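The sequence lines fix the lettering, A, B, ..., with proteins before strands; numbering per chain opens at 1. Just so it is clear, the structure is predicted and the values come from calculations on it, not from any experiment.
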Amino acid sequence: MKLFTINKQELPIVDHFRPDGSKWTLKEKLLLGLTFQDYRKQFFRNPVNWVVIIIFLTGIPIIIERYVYGLASVTHSSNDYPWGLFLGFGLFGMVPLSASGFLLGTTVELFGRKDFHPIERLALLNGLLGYFFAVCFLLVDLGLPWRLPYPMFVSLGPAAVLFLVAWHVATYLSVQIAEVLPSFFEWIGWLKGKKVIRGMVLGLTIAGIILSTLHQGALGALFTYAPGKVHPLWLSANFQWLHFFCSSIFGGLSMVIVVSTLCKKFLAWRCDDHFLVSLDRLTLGLAKGCVFAMITYIAIKFAAIAHDKEWVYLLTGWGQYYLFEISLAVLLPMMLYVLAIRKGNATVARVAAIFAVLGILWNRINTCLVCFNWYMYREIPHWKEVAITITVYTAYIVTYRFILYRLPILYEWKGAK
Amino acid sequence: MNNKIINRRNFIKGGFASTIVASQLKVTGVKAAGDFDHYPDSMGVLVDINRCVGCRSCEAACNKEQGLPEPEKPFNDYSVFDEIHHGRMERRTREDRYTVVNKYNVAEIDHPLFRKAQCNHCLEPACLTSCFVKAYSKTPEGAVIYNPDVCVGCRTCMIACPFYVPTFKYSSAFSPRIMKCIFCYDTRLKVGRPPACVEACPQEALIFGKRADLLDIARKRITNNSSKYVNHIYGEKEAGGTAWLYISPVEFSKVGFNTHISQEPIINFVRDFLSMVPMVLMIWPALFAGFHLLANRKDANSRHDNDHQEV
């Protein structure tokens with residue numbers, strides 16, 4: 001794509017009209033302004049697409065197998081570990097990394113920090129797609145996925161934590177669609193719709209804060225149903241929802257840093273100067289937010305140990321693993337963030353963000369799988385379970401890229417807005 | 001359809017205080033989670049580990065009564081006691097067996113001990129309180145039963161059960177469901193008959209009766225034969241109390257019981273979070289709208305110095 005944007009003056013598309021005044025059709029917009037032959041050429045020239053093709057060719061048959069022959073054909077069907085990678089990684093891991101939408105929405109719309117505007121849309125999109133694919137992972141994992149609306153409309157158990165998760169993820173998904181729609185409306189040129197959403201933006205943002213606080217917390221609270229199963233260091237009946245909520249703050253912000261870095265490196269043709277010039281400054285701004293959340297997180301993690309009088313566990317092997325996790329997943333990225341802010345070096349902040357993002361995933365998989373049934377055997381997921389997880393995640397990346405190529409997320413629409 | 005609308009309407013109220021809705025959605029005869037009274041006349045079973053000889057008649061009776069498939073090894077094949085699963089000799093409940101007997105060799109007794117495991121039918125079941133489609137109910141007779149018609153297959157009940165009882169029919173692609181002991185509710189308990197396993201027991205190791213009476217019997221056995229029993233009735237208080245009760249000649253931890261289970265029902269560990277929910281729902285909107293006004297006012301005041309670049 002880079003080659004085309006250098007050679008053709010009208011690319012990439014940033015307006016409804018070509019420089020010569022003729023209008024782009026929707027089909028042309030979808031093909032990024034290329035001819036079909038050119039589009040195909042650039043598609044197969046990109047080595048990433050070859051990897052994607054290989055992953056899909058392996059993974060999609062396994063997904064079909066799962067739906068035709070049941071979960072037993074792709075997992076170890078463990079009754080001791082009812083939740084495996086699909087939920088441990090896909091739901092518990094992806095949802096905190098998608099907190100970015102509500103965080104940047106709050107920063108820009110609610111607190112009026114318009115200087116963060118260039119990455120607001122990226123953060124909103126990151127949130128929407130993260131949630132959407134978390135639901136996809138859920139649809140793979142649920143025994144009867146076609147009954148997904150049951151907790152909403154058929155048989156309601158409102159006193160259960162999962163009921164909150166279901167309702168809040170569903171409503172928040174709608175809120176996020178509404179928040180991302182303006183960029184879509186600009187792109188197709190339907191400004192009326194954008195205006196309607198613009199009028200609701202404060203309401204949507206506040207709804208986003210409420211729903212995010214509750215369901216990020218609720219995902220943690222789900223584990224308080226298993227007080228005897230999750231290792232005490234990873235579970236605190238009183239603090240669990242706070243742990244999950246607080247870690248989602250730096251998780252979501254770090255994810256935006258990681259994604260924006262990838263965009264700057266691999267999608268520079270699609271970013272406008274506004275985005276590219278301000279990115280280093282914004283990265284350091286996000287880093288500051290992360291540091292505050294991380295300090296709070298470490299404090300409440302140890303407050304929970306003190307509250308439950310669990311210091312003695314720190315001397316065991318599990319305790320060492322716990323300290324290892326805290327050091328590598330939170331302390332190290334926190335110190336790197338501080339260093340980055342001190343030196344004004346965004347690259348260091350980007351390294352920190354990678355540690356923080358992987359750290360969140362590690363923590364959720366620890367809570368859900370590694371430290372679950374800690375006095376029992378360890379469950380190693382079936383290779384097909386891993387393959388499906390990679391396939392769904394690849395679908396997430398492909399969708400993400402498809403939207404970034406087209407909608408005005410990384411650039412400002414030059415046409416009527 | 002009409003029913004669906006009513007449920008939806010109920011939920012809209014629930015958006016503000018889901019706990020209030022819990023009481024509104026109460027169905028007669030079966031109580032919803034949230035405010036759970038114990039049924040005083042509920043039934044139970046007392047298991048005397050001293051008397052169990054490990055004949056597995058209860059397992060056979062259960063599979064027959066519940067229409068579960070014949071196992072690979074017949075019920076009179078006792079080599080199953082020595083099978084090793086995940087490094088342990090204990091077998092657990094599965095989609096094709098609601099109850100299992102396991103063998104334990106303990107140092108202080110010269111013969112092996114046997115323990116039957118199945119759903120303990122808690123007084124405040126964790127599976128019930130964790131279920132978001134109300135697939136579980138606790139009947140006044142004491143059984144914890146399950147309705148496969150509303151189950152979504154999320155398996156939270158399996159996470160929540162402190163006794164590792166509910167199992168999932170992973171093998172089915174189109175009608176998977178939770179498989180667990182239902183105290184023979186449909187066929188027996190409802191009409192006052194004891195469950196199949198109790199009836200099949202040749203040793204009277206299992207006694208069926210009112211839970212309150214069983215507690216008395218258990219206490220009497222312990223006081224009259226204090227050398228034969230440890231002074232503890234497992235299930236009297238564990239996880240808030242269970243309908244199935246156990247007495248044992250040795251420490252319960254030596255015959256496969258989890259002795260670290262809290263005396264509080266599982267739902268008590270979740271209440272902290274649940275009580276926080278209505279507060280967030282009601283306080284956050286005003287709080288953050290207020291923040292917005294404050295932030296924008298500051299913005300208006302400092303607009304003249306044009307310093308939007310600073311981070």
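Within a 6.0 Å sphere centred on OH of A:Y69, heavy atoms belonging to other residues, nucleotides or ligands number 12 at most. The environment of B:H85 atom NE2 is dense: over 12 non-hydrogen atoms of other residues, nucleotides or ligands sit within 6.0 angstrom. By the 6.0 Å contact criterion, CD on B:E83 is enclosed, its count of non-hydrogen atoms from other residues, nucleotides or ligands being greater than 12.
By number of non-hydrogen pairs under 4.5 angstrom with chain B, the leading residue of A:L162, A:D80, A:N238 is A:L162. Among the candidates A:P227, A:A226, A:G228, the residue making the largest number of heavy-atom pairs closer than 4.5 Å to chain B is A:P227. When each of B:V150, B:I266, B:V152, B:D272 is scored by its heavy-atom pairs under 4.5 Å with chain A, the top score falls to B:V152. With respect to chain B, the highest number of heavy-atom pairs below 4.5 Å among A:L110, A:T75, A:L71 belongs to A:L110. Among the candidates B:R155, B:M276, B:E95, B:M158, the residue making the largest number of heavy-atom pairs closer than 4.5 Å to chain A is B:R155. The residue among B:C151, B:S171, B:A126, B:C131 with the most heavy atom pairs within less than 4.5 Å of chain A is B:C151.
Aromatic ring pairs are classed by plane angle as parallel below 30°, tilted from 30° to 60° and perpendicular above 60°; the pair B:F288 and A:F111 is perpendicular.
The parts of B:I159 that come within reach of chain A are both its backbone and its side chain, each placing non-hydrogen atoms under 4.5 angstrom from that chain. Of the atoms belonging to B:N258, it is side-chain heavy atoms, and not backbone ones, that fall under 4.5 Å from chain A. With a 4.5 angstrom heavy-atom cutoff, A:S78 touches chain B only via backbone atoms. Looking at A:A207, there are no atoms closer than 4.5 Å to chain B (heavy atoms on both sides), in backbone or side chain. Heavy atoms of A:I206 lying under 4.5 Å from chain B belong exclusively to its side chain. Contacts of B:A289 with chain A are made by both backbone and side-chain atoms, with heavy-atom separations under 4.5 Å. Residue B:R177 does not touch chain A at all, counting heavy-atom pairs closer than 4.5 Å. Within the 4.5 angstrom heavy-atom criterion, no atom of A:Q240 approaches chain B. For A:L242, no part lies under 4.5 angstrom from a heavy atom of chain B. For chain A, no part of B:S262 is nearby; none of its heavy atoms comes within less than 4.5 Å. Interface remark: B:H86 contributes backbone and side-chain atoms alike to the contact with chain A (heavy atom separation under 4.5 Å). A:F223 does not touch chain B: none of its heavy atoms, backbone or side chain, sits under 4.5 Å away. For B:P148, the part lying under 4.5 angstrom from a heavy atom of chain A is the backbone only.
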Between B:V133 and A:V154, is the side chain to side chain contact (heavy atoms under 4.5 Å, CB included) condition met? List the steps.
CA-CA 8 Å; B:V133 287; A:V154 179; over 6 Å; no
In sequence, state the C-alpha distance, the side-chain angles, and the governing distance for A:L164 and B:F273, and then conclude on side chain to side chain contact (heavy atoms under 4.5 Å, CB included).
CA-CA 11 Å; A:L164 285 173; B:F273 173 73; 3.6 Å; yes
Determine, stepwise, if the pair B:W284 / A:T213 fulfils side chain to side chain contact (heavy atoms under 4.5 Å, CB included).
CA-CA 9 Å; B:W284 261 217; A:T213 315; 2.9 Å; yes
Would A:L214 and B:V277 count as a side chain to side chain contact (heavy atoms under 4.5 Å, CB included) here? Give the steps.
CA-CA 7 Å; A:L214 286 177; B:V277 171; 4.1 Å; yes
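A:G70 and B:A173 make their closest contact through N-CB, 3.2 Å (heavy atoms, listed as atom of the first residue, atom of the second, distance). For the pair B:F132 and A:P151, the tightest heavy-atom approach, listed with the atom from each and the gap, is CE1-CG, 3.4 Å. B:C154 and A:W83 get closest at one heavy-atom pair: O-NE1, 2.9 Å.
None of B:S130, B:C127, B:P162 except one satisfies the side-chain contact (heavy atoms from CB on, under 4.5 Å) rule with A:Y225; the exception is B:S130.
For the side chain to side chain contact (heavy atoms under 4.5 Å, CB included) test, residues two or more places apart in sequence or in another chain that qualify with B:C62 are B:Q66, B:Y98, B:T99.
In this structure, B:K134 forms no cation-pi arrangement with A:Y150, as its terminal cationic atom is not both closer than 6.0 Å to the ring centre and no more than 45° off the ring axis.
A:R147 places a side-chain N or O within donor-acceptor distance of the main-chain N or O of B:D149, the cut-off being under 3.5 Å. Side-chain N or O atoms of A:N79 include one that pairs as donor or acceptor with a backbone N or O of B:F168 at under 3.5 Å.
When only modelled atom types and interatomic distance are considered, A:N373 and B:Y164 share a side-chain donor-acceptor pair under 3.5 Å.
For the atom pair B:L274 CG and A:T224 OG1, the distance stands at 7.5 Å (nearest 0.5 Å). Taking NZ of A:K229 as the start and NE2 of B:H260 as the end, the distance is 15.0 Å to the nearest 0.5 Å.
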